[in-house]
Amino acid sequence: QGHVLAVCLHPALDVTIYTKNGTEISRTQTLGGKAINLARMLHALGAKVTLLAPDDHEGQTGALLAGCGFDCELIPTNLSLRHNFKYVDADGTTREDNGSAGILSPQHSEQLLHRIVDMCRSSCRTECRTNRISHVALCGSFPQGVEKGVYKSLIAQLHALDISCVTDASGEPLSLAVQAKPSLIKPNLEEFCATFAQENSMCKTVENACNAVHDAYLRTGVQILCSM
């Protein structure tokens, strides 16, 4: 069956603050990021998954992943952990304040990206089929200092190793990734429309959205899982 390598280039600390009449009642915090959430879900479903991510310069990422239950490889970097805040009031109103991207040095960026390919190349040589990386999930946003076309470049390199790639991104990184033909992309409707030059008004109904996704698949050959 093989296993999944989930790649998170920029972990975040997701903080939810519960308030009443503007006064904080309680808060929760967890390490977030699309690839981290994916790794948790795959592990819960019994799949073999490894998370590859940069550790922040304070080591918080590693500390927050302790005891997660799945394999993690963290690359020590100069990156600061991004903080995302969500405020939930007792009256049901919510507000989000997402932190800006941190800065990853060129040296650490190159080290991280090389490690992704090296792990996949090494896994191809293992005799145990269940230890071979069969899929790589490239998920989420980038730190500053990482080129927009990095997913596209990684997909091309991993295709050469006969490894399937799944991409969950947005904006230019997603548009460029599509050119390398990943096995699957997972945009939401707004991201899909922006990537495939569709007017949002053309996808107002489920039927219209499905037709647009099907047309995009026929044009690109890339499977699309689009959330509404």
Side-chain angles (χ1 to χ4, degrees), residues 4-12 32-39 51-54 79 82 84 96 98-106 108-110 112-117 120 133-228:
V4 177
L5 176 63
V7 176
C8 178
L9 296 181
H10 202 347
K34 291 180 177 181
I36 294 172
N37 295 336
L38 174 66
L51 174 70
L52 179 63
L79 191 64
R82 184 165 45 103
N84 296 329
E96 295 186 6
N98 292 334
S100 57
I103 301 174
L104 188 65
S105 72
H108 290 141
S109 176
E110 183 177 2
L112 181 61
L113 299 177
H114 280 179
R115 183 57 184 147
I116 296 168
V117 179
C120 293
I133 295 173
S134 56
H135 294 77
V136 174
L138 304 169
C139 305
S141 59
F142 305 159
Q144 298 180 57
V146 176
E147 296 292 332
K148 300 293 186 184
V150 66
Y151 283 167
K152 176 182 178 180
S153 174
L154 286 170
I155 292 166
Q157 294 178 73
L158 297 175
H159 274 176
L161 299 173
D162 198 27
I163 293 175
S164 298
C165 295
V166 176
T167 306
D168 186 355
S170 60
E172 188 177 0
L174 177 58
S175 298
L176 292 172
V178 169
Q179 297 174 15
K181 297 190 180 300
S183 301
L184 175 72
I185 60 172
K186 199 219 73 63
N188 60 33
L189 189 57
E190 182 178 350
E191 293 163 348
F192 167 80
C193 291
T195 302
F196 294 97
Q198 295 280 343
E199 294 292 335
N200 285 36
S201 59
M202 299 291 290
C203 299
K204 280 189 174 181
T205 68
V206 173
E207 181 180 3
N208 288 343
C210 289
N211 288 335
V213 168
H214 183 249
D215 289 344
Y217 166 72
L218 293 178
R219 294 201 312 270
T220 64
V222 176
Q223 296 185 78
I224 304 167
L225 176 62
C226 183
S227 58
M228 299 294 287

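Residues V150 and V146 come closest through the heavy atom pair CG1-CG1, 3.7 Å. Closest of all the heavy-atom pairs between Y151 and G140 is OH-O, 3.1 Å. In this structure, V213 and C226 approach most closely via the heavy-atom pair CG2-CB, 4.0 Å. Nearest heavy atom pair, residue K186 against residue E191, reads O-OE1, 4.4 Å. Across all their heavy atoms, V178 and T220 have their closest contact at CG1-CG2, 4.1 Å. The two atoms that bring L112 and A53 nearest to each other are CD1-C, 4.2 Å, heavy atoms only.
Note that the CG atom of L38 and the CG atom of L51 stand 9.5 Å from one another [nearest 0.5 Å]. Atom CG of residue L138 and atom CG of residue L158 lie 7.0 Å apart, to the nearest 0.5 angstrom. Note: I185 CD1 to T167 OG1 = 7.5 Å, rounded to the nearest 0.5 Å. Interatomic distance, NZ of K148 versus CG of L174, reported as 12.5 Å (0.5 Å rounding). Distance check, rounded to the nearest 0.5 Å: CD1 of I133 to OG of S164 gives 12.5 Å. Going from atom CD of E147 over to atom CZ of F142 covers 10.0 Å, rounded to the nearest 0.5 Å.
Side-chain contact between R115 and L52: present, with at least one pair of heavy atoms (C-beta onward) separated by less than 4.5 Å. Side-chain atoms of Q157 and L161, non-hydrogen and from C-beta on, never get closer than 4.5 Å to each other. A heavy-atom distance below 4.5 Å is found between the side chains of Y217 and Q223. When side chains are defined from C-beta on, S141 counts as touching R82, because their heavy atoms get closer than 4.5 Å. Side-chain contact between L154 and I116 is present, with at least one heavy-atom pair separated by less than 4.5 Å. For the pair S170/P187, no side-chain contact is recorded, criterion being any heavy-atom separation below 4.5 Å from C-beta on.
Remark: the backbone N or O of K181 is paired with a side-chain donor or acceptor of H159 at under 3.5 angstrom.
Atom CD of Q144 is surrounded by more than 12 heavy atoms from other residues, nucleotides or ligands within 6.0 Å.
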